[in-house]
Asker: 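Structure incoming, see below.
Sequence lines set the chain letters: A, B, ... in the order given, protein chains first and strands last, and positions in each chain run from 1. Everything quoted here is computed from the prediction, not taken from an experiment.
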Amino acid sequence: MRQSRLFLTTLREVPADAEVISHQLMLRAGLMRQLTSGVYELLPLGWRVLYKIEQIVREEMDRAGAQEVLLPTIQPLELWERSGRSEDYGPLMFRLTDRHERAMVLGPTHEEVITSLVQQEIHSYRQLPVILYQIQTKFRDEPRPRAGLLRGREFRMKDAYSFDLDEAGLDRSYRAMFEAYCRIFDRIGVRYRAVDADPGAIGGEGGTHEFMVLSDAGEDTIAGCTSCDYAANIEKAAGQALPRADATATPAPQTVPTPGTRTIEDLVRVLNVDAGQIIKVVVYVADGQPVAACLRGDHEVNEVKLKNHLGVRTLELATPEQVLQWTGKPVGFVGPQCGLRVVFDRDIWSVTDGVVASDTPDAHDIHVVPGRDFPVGETADIRNVREGDACPKCGGSLRFYRGIEVGHVFKLGTKYSKVFGAVYQDENGQERTIIMGCYGLGTTRVIQAVIEQCHDADGIIWPMAIAPYHVHIVPVNTADPAQQQTAEALYEQLRSRGVEVLLDDRDERPGVKFKDADLIGLPLRITVGRKAGDGVVELKERATGQVSELTLEQAVAQIVERVNPSR
RNA sequence: CGGAAUGUAGCUCAGGUUGGUAGAGCGCACGGUUCGGGACCGUGAGGUCGCAGGUUCGAGUCCUGUCAUUCCGACCA
């Protein structure tokens, strides 16, 4: 491609609306432009990158035995009412009405559609297993779009769905997809980590892993072990239970006045105790019913864990009014003996000399011991791990990282197939429910995740596999016939060898061209300069800055080798 | 949903407190000099000052409303 003809404008200055570096570079390097909040246009360079990513995804999906389909964007709301997820997704769905006043939605995902399709088409065990996938635009009216493609309202995603006879089949499909994902991210050239995760809104039964690109721009917190390979999303991460401490020396409880202490911090200050000694009670509404969580003051409730433990659909914090109504106490003065169903965090046992809200108004009891001074009933791990907690696998120390979720694989089980009646007859004529898995991969998000990881002060540094072009040819002075001819000759030779070349044939000053080349970040650059007349050019590697002077033949040979080492 | 900031030329921003007919740098067009890391000189094009209403002789500037964009937060008792 001749750059003089390319639909590309780079930006010298950082766009005011972009905060995150990868977002800035997407705009500055002319990969995309914003249309409206969370919605972007991909320009030729950006589209080429996305295309390559999706091509790699296709190849690996096909290799793993999955078959590509294309499913509708527009879906009847009724489908979502059947699965019950109309409510779960709620305002996250873009809704529209057709001319017959029928309620429709723009698909935020496709479990409903694919399951109803499979329900119609699959009836016999002979037709299973099957894995279907598609690459499609998805729509989610996010409460807060952010950071360009990292969280958009319209974005591209590959989603695959597996349909199996039984659990063993699901395990095979899951493993095949997991391995395909590893190959995909390896081929793309991004550093990633597969972490244990919670199934979240999509729901389901059984294992699930998220593929995370480690980056401070990420929205997820990952707890990783510093001595083994354990890694999990904070929503899922479980540490080892803290040791149950010896409290035999703790004196008898004593009530002290603590008016106006609404928070743990207040108590720490007023009573001069550690936050870890305080035993707090947090009141929730779980499917409409009050439930209290009781844990140490320095621990945080993990709402995902609590929700899973309770087996409820919705879980939200109670309002102060609800707390008062149900417990007769204001927020901050509710103790474990509040009369509500209380779930204790298992690490409550690590408290030896605790503080709890007293029965006396505006007071707390000190020198309290769990089990001795109040009964500890229903107990579970319902808190977030903290840095330094013991790794569940090896006992090592957990550390936190930020990550961008680029892929998610999970075992759905029969959640959707049951609702949609996706069943088959086995060899005995018995009707059985199909077992499903689902496997998402955010292709547009990957573009930015890669940039987040692959850039320097001058611009993007594309991995070869997804670079918009392989090589950037920069003639320093287009007015010099020798340089001009050399650049053209290289351009033709490389293209005839299957190399994707961007030729900067613009009549610009060298500085401008070099700056643009660094910003755009093609992996290799050929500078055609003064020595062109002697048949010598420079080959520069974007990632390392390494420069070598080569003859044209050497340059072509090296580039062909670098672009496609296997050839 | 709550909080904050911002909306003036293609981009980055001044101007606003003190109301008086619109600015800079970069980019763009043309001419010239330059040509290995975002050149220089000259000329020029380009703006319903987000939108609506109000105050005023007069509003980019003051008031009210509204829309948009970005950031932070979304409740830990």
Asker: For Pro91(A), which contact category applies under a 4.0 Å heavy-atom criterion: base, sugar-phosphate, or nothing?
Answerer: nothing
Asker: Which is true for Ala517(A) with a 4.0 Å heavy-atom rule: it touches a base, it touches only sugar-phosphate, or it touches nothing?
Answerer: nothing
Asker: Is the phosphate of U70(B) approached by Ser37(A) (side-chain N or O, under 4.0 Å from OP1 or OP2)?
Answerer: yes
Asker: At less than 3.5 Å, do the side-chain atoms of Arg509(A) and the base atoms of U34(B) form a donor-acceptor pair?
Answerer: yes
Asker: Hey, is the side chain of Glu13(A) pairing donor to acceptor with the base of G25(B) inside 3.5 Å?
Answerer: yes
Asker: Just to be sure I understand the rule, does Asp480(A) reach a base, reach only the sugar-phosphate, or reach nothing, if contact means heavy atoms closer than 4.0 Å?
Answerer: nothing
Asker: Measure from CG on Leu27(A) to C1' on U69(B) and round the result to the nearest Å.
Answerer: 13 Å
Asker: Determine whether a donor-acceptor pair (N or O, by modelled atom type, separation under 3.5 Å) exists between the side chain of Thr379(A) and the backbone of Gly377(A).
Answerer: yes
Asker: Starting at CZ of Arg140(A), measure out to CE of Met157(A) and round the result to the nearest 0.5 Å.
Answerer: 5.5 Å
Asker: What's Leu295(A) touching, base or sugar-phosphate or nothing? Going by heavy atoms closer than 4.0 Å.
Answerer: nothing
Asker: For Val14(A) and Asp507(A), take the nucleotide of RNA chain B holding the closest heavy atom to each; which residue's nucleotide lies nearer the 5' end?
Answerer: Val14(A)
Asker: From CD of Glu19(A) over to P of A4(B), roughly how many Å is that when rounded to an integer?
Answerer: 18 Å
Asker: First locate atom CG of Leu25(A), then atom CD of Glu452(A), and finally report the distance between them rounded to the nearest 0.5 Å.
Answerer: 8.5 Å
Asker: Looking at every heavy atom in both Leu6(A) and Pro44(A), which two are closest together, and how far apart are they?
Answerer: CD1-CB, 4.1 Å
Asker: Do you know which of Arg244(A), Arg386(A), Arg296(A), Arg383(A) makes salt bridge (charged side-chain N to carboxylate O under 4.0 Å, His left out) with Asp347(A)?
Answerer: Arg383(A)
Asker: Atom CD of Gln484(A) and atom P of C35(B): how far apart are they, to the nearest Å?
Answerer: 18 Å
Asker: For the pair made of CD in Gln24(A) and P in U12(B), what is the distance, rounded to whole Å?
Answerer: 11 Å
Asker: With distance as the sole criterion, do the side chain of Arg525(A) and the base of G37(B) form a donor-acceptor contact below 3.5 Å?
Answerer: yes
Asker: Counting any heavy atom closer than 4.0 Å, what does Arg296(A) reach on the DNA or RNA strands: base, sugar-phosphate only, or nothing?
Answerer: nothing
Asker: Do the side chain of Gln483(A) and the main chain of Val476(A) share a donor and acceptor less than 3.5 angstrom apart?
Answerer: yes
Asker: Both Thr36(A) and Lys515(A) contact RNA chain B. Taking the nearest nucleotide for each, which residue is further toward the 5' end?
Answerer: Lys515(A)
Asker: For the P atoms, the ones on C62(B) and on C40(B), what distance do you get once it is rounded to whole angstrom?
Answerer: 36 Å
Asker: Looking for any heavy atom pair under 4.0 Å, which part of the strands does Glu316(A) touch: base, sugar-phosphate only, or nothing?
Answerer: nothing
Asker: Are the side chain of His299(A) and the backbone N or O of Leu295(A) linked by a donor-acceptor pair below 3.5 Å?
Answerer: no
Asker: Counting only distance, no hydrogens or angles, is the base of G38(B) paired donor-acceptor with the side chain of Asp516(A) under 3.5 Å?
Answerer: yes
Asker: Quick one: label Ala479(A) by what it contacts on the DNA or RNA (base, sugar-phosphate, nothing), any heavy atom closer than 4.0 Å.
Answerer: nothing
Asker: Which is true for Glu538(A) with a 4.0 Å heavy-atom rule: it touches a base, it touches only sugar-phosphate, or it touches nothing?
Answerer: base
Asker: Taking the side chain from Asp274(A) and the backbone from Gly276(A), do they hold a donor-acceptor pair closer than 3.5 Å?
Answerer: no
Asker: Nearest to the side chain of Glu508(A), heavy atoms from C-beta on, is which of U69(B), C28(B), C35(B)?
Answerer: C28(B)
Asker: In dot-bracket, 5' to 3', how would RNA chain B read with Watson-Crick or G-U wobble pairs under 3.5 Å, [ ] for crossing ones and | for pairs to another strand?
Answerer: (((((((..((((......[..)))).((((((.....)))))).....(((((..]....))))))))))))....
Asker: As a test of reading the structure: which of U70(B), C75(B), C72(B) is closest to the side chain of Arg144(A), going by heavy atoms?
Answerer: C72(B)
Asker: Nearest 0.5 angstrom please: Lys513(A) NZ to Ile473(A) CD1, how far?
Answerer: 11.5 Å
Asker: Using a 4.0 Å heavy-atom cut-off, does Val334(A) contact any base of the nucleic acid, only the sugar-phosphate backbone, or nothing at all?
Answerer: nothing
Asker: Using the P atom as the point on both nucleotides, what is the distance between A39(B) and C26(B), in whole Å?
Answerer: 10 Å
Asker: Check the distance between G73(B)'s P and Glu219(A)'s CD and give it to me in whole angstrom.
Answerer: 11 Å
Asker: Looking at A74(B), C76(B), G36(B), which one has an atom nearest to any side-chain atom of Glu303(A)?
Answerer: C76(B)
Asker: When we call it a touch if two heavy atoms are under 4.0 Å apart, what does Lys531(A) touch: a base, just sugar-phosphate, or nothing?
Answerer: nothing
Asker: OP1 or OP2 of G36(B) versus the side-chain N and O atoms of Gln483(A): is any pair under 4.0 Å?
Answerer: no
Asker: Between G38(B), C76(B), C35(B), spot the one nearest the side chain of Arg12(A), thanks.
Answerer: G38(B)
Asker: Within this structure, what is the CZ-to-P distance between Phe514(A) and A39(B), rounded to whole angstrom?
Answerer: 12 Å
Asker: Among G36(B), A39(B), G73(B), which nucleotide has an atom closest to any side-chain atom of Val512(A)?
Answerer: A39(B)
